[in-house]
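Notes follow the structure.
First the proteins, then the strands, lettered A, B, ... as listed; each starts at 1.
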There are 2 protein chains.
Amino acid sequence: MERNTRQRTAIREAIAQAGRPLLPQEVLEAAQAGAPGLSIATVYRNLRTLLDEGELRAVLLPGENARYELAGGGHHHHFQCLACDRVFEVDACPGNLASLAPPGFIVEDHDLTLYGRCSECAPPRGAKAAGRAKGAAPHTHRESQGTGRAHKHR
Amino acid sequence: MERNTRQRTAIREAIAQAGRPLLPQEVLEAAQAGAPGLSIATVYRNLRTLLDEGELRAVLLPGENARYELAGGGHHHHFQCLACDRVFEVDACPGNLASLAPPGFIVEDHDLTLYGRCSECAPPRGAKAAGRAKGAAPHTHRESQGTGRAHKHR
DNA sequence: ATATTTGCAAACTATTTGCAGTTGT
DNA sequence: ACAACTGCAAATAGTTTGCAAATAT
């Protein structure tokens, strides 16, 4: 049976508190507050366990490493800020996508990712400030990438 | 200036002939026909070069390694077969996605991936056979994955 | 002639796993 | 007690890079 270790609790907390999907590295950093000495291997092991338990859900975005969010809530999509790279949940869904596939193809599911500026990162041009988003934090800027990569960092 | 080596030509051909986005490994295998001894490092280097040249475009799908397709053609999406894992182009687009984002968020772009059965892989249940798709080939079946992974194989 | 390209092997990054010691129940 | 869990280090897998030899122009 599953045990409640200091580490596992800190990892759960970190993700719950963030309010947005986190990268394993972000989970590590956030959870180390409640579990000094926490190692990245333990983070990965717990993410997997909590995933199997159904407590967490993996958020896979194109060209990004997996992030993790609390499992609750139904079908939804995500928004990634082009300035700070952070990901946010989007509850809406366009639906009616089955008809987009080529004839002979059967659509059973779909993934949608929106890109742009989160409420914290100023608009491309025009106004100056904006309201704050929930899972807020100082925003770093994104770097370039490889051939199309299979991993990311920050 | 760019040179036309036997390897680069074979790589271009392989992708053009496939008619669907290919993984670096698939490019290697297909291109080795026209360039014996071709190494994976050269494939990666050429993918990057052709990408920079604007000849190719990276196709990034959630939780998948990057695939590559010819750059021509405008905005479009992709369909991934849940049975054979192969990816196909989808020319349609639902549009009107800007309104889905939370207030304060600015949508500038989006990615959409459809999942289901390609015309070659029989429907979940019901009929028996189906028509053939263009970039056809025998279909292997998919395996499970890790925590949410950052790479894939076959 | 010479700058680009190639193959090989080593380097990297993200993630996983073996192992021996630690801890929750 | 004892199975679940942890940290560390080594192992994977995909991708990138240094280097000396090969090649296109």
Rounded to whole Å, the CD1-P distance (I11(A) to dC5(D)) equals 11 Å
Hey, is the side chain of Q7(B) poking within less than 4.0 Å of OP1 or OP2 on dG7(C), counting only N and O atoms? yes
Consider side-chain contact (heavy atoms from CB on, under 4.5 Å). Of L51(A), L22(A), L50(A), which one does Y68(A) pass it with? L51(A)
When the nearest nucleotide of DNA chain D is assigned to T49(A) and to P24(B) on a heavy-atom basis, which residue is associated with the more 5' position? T49(A)
Between protein and nucleic acid, restricted to nucleotides 23-25 of chain D and to nitrogen or oxygen atoms under 3.5 Å apart, what atom pairs and distances do you find?
{"from": "dT23(D)", "atom 1": "O2", "to": "R3(B)", "atom 2": "NH1", "distance (Å)": "3.3"}
{"from": "dA24(D)", "atom 1": "N3", "to": "R3(B)", "atom 2": "NH1", "distance (Å)": "3.3"}
{"from": "dT25(D)", "atom 1": "OP1", "to": "N4(B)", "atom 2": "N", "distance (Å)": "3.3"}

When you group the ILVMFWY residues by side-chain heavy-atom contacts below 4.5 Å and let the links chain together, are L61(A) and L60(B) in the same group? no
If I take atom CG in residue D52(A) and atom P in nucleotide dT16(C), what distance separates them, rounded to the nearest angstrom? 11 Å
Knowing that exactly one of D109(A), D111(A), L97(A) qualifies, which makes a side-chain contact (heavy atoms from CB on, under 4.5 Å) with L114(B)? L97(A)
Would you tell me if any nitrogen or oxygen in the side chain of T147(A) comes within less than 4.0 Å of OP1 or OP2 on dT16(D)? yes
Value in whole Å for how far the P atom of dA14(C) lies from CD of E26(A): 12 Å
Polar atoms only, N or O, under 3.5 Å: list the protein pairs with nucleotides 17-19 of chain C and their distances.
{"from": "dG18(C)", "atom 1": "O6", "to": "R45(A)", "atom 2": "NH1", "distance (Å)": "3.1"}

For side-chain contact (heavy atoms from CB on, under 4.5 Å), just list the numbers for T49(B) and R8(B), CA-CA rounded to whole Å, side-chain angles, deciding distance to a tenth of an Å, and then say yes or no. CA-CA 10 Å; T49(B) 300; R8(B) 182 164 301 164; 4.1 Å; yes
Name the nucleic acid region contacted by L38(A), choosing base, sugar-phosphate or nothing; use a 4.0 angstrom heavy-atom cut-off, strictly under. sugar-phosphate
To the nearest Å, give me how far apart CG (L28(B)) and P (dG14(D)) are. 12 Å
Side chain to side chain donor-acceptor pair (under 3.5 Å) test vs R86(A) passes for just one of E26(A), E120(A), Q80(A), namely E120(A)
N65(A) has an atom CG; how far is it from atom C1' of dG14(D), in whole Å? 12 Å
Are E64(A) and V87(A) close enough, and set up right, to give a side-chain contact (heavy atoms from CB on, under 4.5 Å), and what steps lead you there? CA-CA 11 Å; E64(A) 297 282 298; V87(A) 174; 5.6 Å; no
Once you measure the plane-to-plane angle for H110(A) and H75(A), does it fall in the parallel (<30°), tilted (30-60°) or perpendicular (>60°) bin? perpendicular
Assuming nearest nucleotide by heavy-atom distance, tell me which of V43(A) and Q25(B) is located more 5' along DNA chain D. V43(A)
How close or far is atom C1' of dA14(C) from atom CD of E64(A), stated in whole angstroms? 13 Å
Answer yes or no: does a side-chain N or O of S39(A) lie under 4.0 Å from OP1 or OP2 of dC8(D)? no
Between H76(B) and E69(B), a side-chain donor and acceptor under 3.5 Å: yes
Report the distance from atom CD of E53(A) to atom C1' of dA4(D), rounded to the nearest whole Å. 12 Å
Over how many whole Å does the gap from L61(B) atom CG to dG14(D) atom C1' extend? 16 Å
Validation row: L100(A), C93(B) side chains within 4.5 angstrom (heavy atoms): no
